[in-house]
Amino acid sequence: MKSLRSRLLAFERRMSRGQKQALILLADTIAAPLSLLLTTQLVYAAIWPQDQLERLAILFPAVAMLGALTSLAAGLPRIKLKTYASLAGEGIGLLRSRSGAAPCY
């Protein structure tokens, strides 16, 4: 049975450059509203602060668009993907070594 790591690497190798860039842009677009949601939950100490979320509802799409535009302006989806993948791998390896997690082989 293949390990999760080898399956993810095989999936990544099958993706085209455009698909990888779109995935990076999608992650940047989703991260901003998710951060706003988590911040709202933290500030109001509730899992689902309904009243505050209704008040802030207009901000979520605006923050998503701002995140996407910032990503495009910074050129994040156009960076060299091999470098990005190797930096991510090194970061995961460093995190795993700090947390003492066992390798997933």
Side-chain angles (χ1 to χ4, degrees):
M1 187 171 176
K2 287 185 171 181
S3 70
L4 177 62
R5 181 176 180 265
S6 61
R7 282 186 272 167
L8 287 175
L9 286 173
F11 176 72
E12 185 261 338
R13 287 186 188 116
R14 284 191 305 257
M15 292 176 69
S16 70
R17 184 173 186 80
Q19 290 171 332
K20 291 175 187 177
Q21 289 172 339
L23 191 61
I24 292 171
L25 181 60
L26 179 67
D28 291 339
T29 304
I30 291 173
L34 184 61
S35 297
L36 179 61
L37 175 64
L38 293 174
T39 302
T40 305
Q41 291 173 335
L42 180 65
V43 167
Y44 293 104
I47 293 175
W48 194 255
Q50 185 68 34
D51 296 335
Q52 291 77 14
L53 290 176
E54 287 175 5
R55 266 186 316 136
L56 297 173
I58 192 69
L59 286 179
F60 284 97
V63 168
M65 290 299 294
L66 188 62
L69 290 174
T70 302
S71 176
L72 288 173
L76 293 178
R78 293 185 305 267
I79 62 175
K80 293 187 177 182
L81 294 170
K82 291 286 186 186
T83 304
Y84 187 75
S86 66
L87 289 174
E90 290 172 7
I92 291 170
L94 181 62
L95 177 66
R96 192 179 339 163
S97 67
R98 286 185 180 170
S99 66
C104 9
Y105 292 109

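Counting from 1, the numbers follow the sequence of the chain as shown. Just so you know, these numbers use all the heavy atoms, side chains as well, and skip hydrogens, waters and symmetry mates.
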Which atoms form the tightest heavy-atom contact between P33 and T29, and what is the distance? CD-O, 3.0 Å
Distance in Å, Q52 CD paired with Q50 CD, rounded so as to fall on 0.5 Å steps: 9.5 Å
To the nearest 0.5 angstrom, please state how far the CD1 atom of I30 sits from the OG atom of S35. 11.5 Å
Near L38 CG, under 6.0 Å, is it more than 12 heavy atoms from other residues, nucleotides or ligands? yes
Which heavy atom in S6 sits nearest to a heavy atom in S3, and how many Å separate them? OG-O, 2.9 Å
Output the rest of the hydrophobic cluster of Y44: all Ile, Leu, Val, Met, Phe, Trp and Tyr residues reachable through side-chain heavy-atom contacts under 4.5 Å, sorted by chain and number. V43
Report yes if some heavy atom in the side chain of Q41 is under 4.5 Å from a heavy atom in the side chain of L37; otherwise report no. yes
For A32 against G67, the heavy-atom pair lying closest together: CB-CA, 4.4 Å
L25 vs Q21, side-chain contact (heavy atoms from CB on, under 4.5 Å): CA-CA, chis, key distance, verdict: CA-CA 6 Å; L25 181 60; Q21 289 172 339; over 6 Å; no
How about D28 and T70: do any of their side-chain heavy atoms sit closer than 4.5 Å? no
Distance from Q19 atom CD to I24 atom CD1, nearest 0.5 Å? 12.5 Å
Is F11 linked to L23 within one hydrophobic cluster, defined over Ile, Leu, Val, Met, Phe, Trp and Tyr using a side-chain heavy-atom separation of less than 4.5 Å? yes
Let me confirm one number: the CG-CZ distance from L34 to F60, rounded to the nearest 0.5 Å. 9.0 Å
If you apply the rule side-chain contact (heavy atoms from CB on, under 4.5 Å), what do you find for W48 with T40, and how did you get there? CA-CA 9 Å; W48 194 255; T40 305; over 6 Å; no
Under 6.0 Å from the CE atom of M65, do we count more than 12 heavy atoms belonging to anything else shown? no
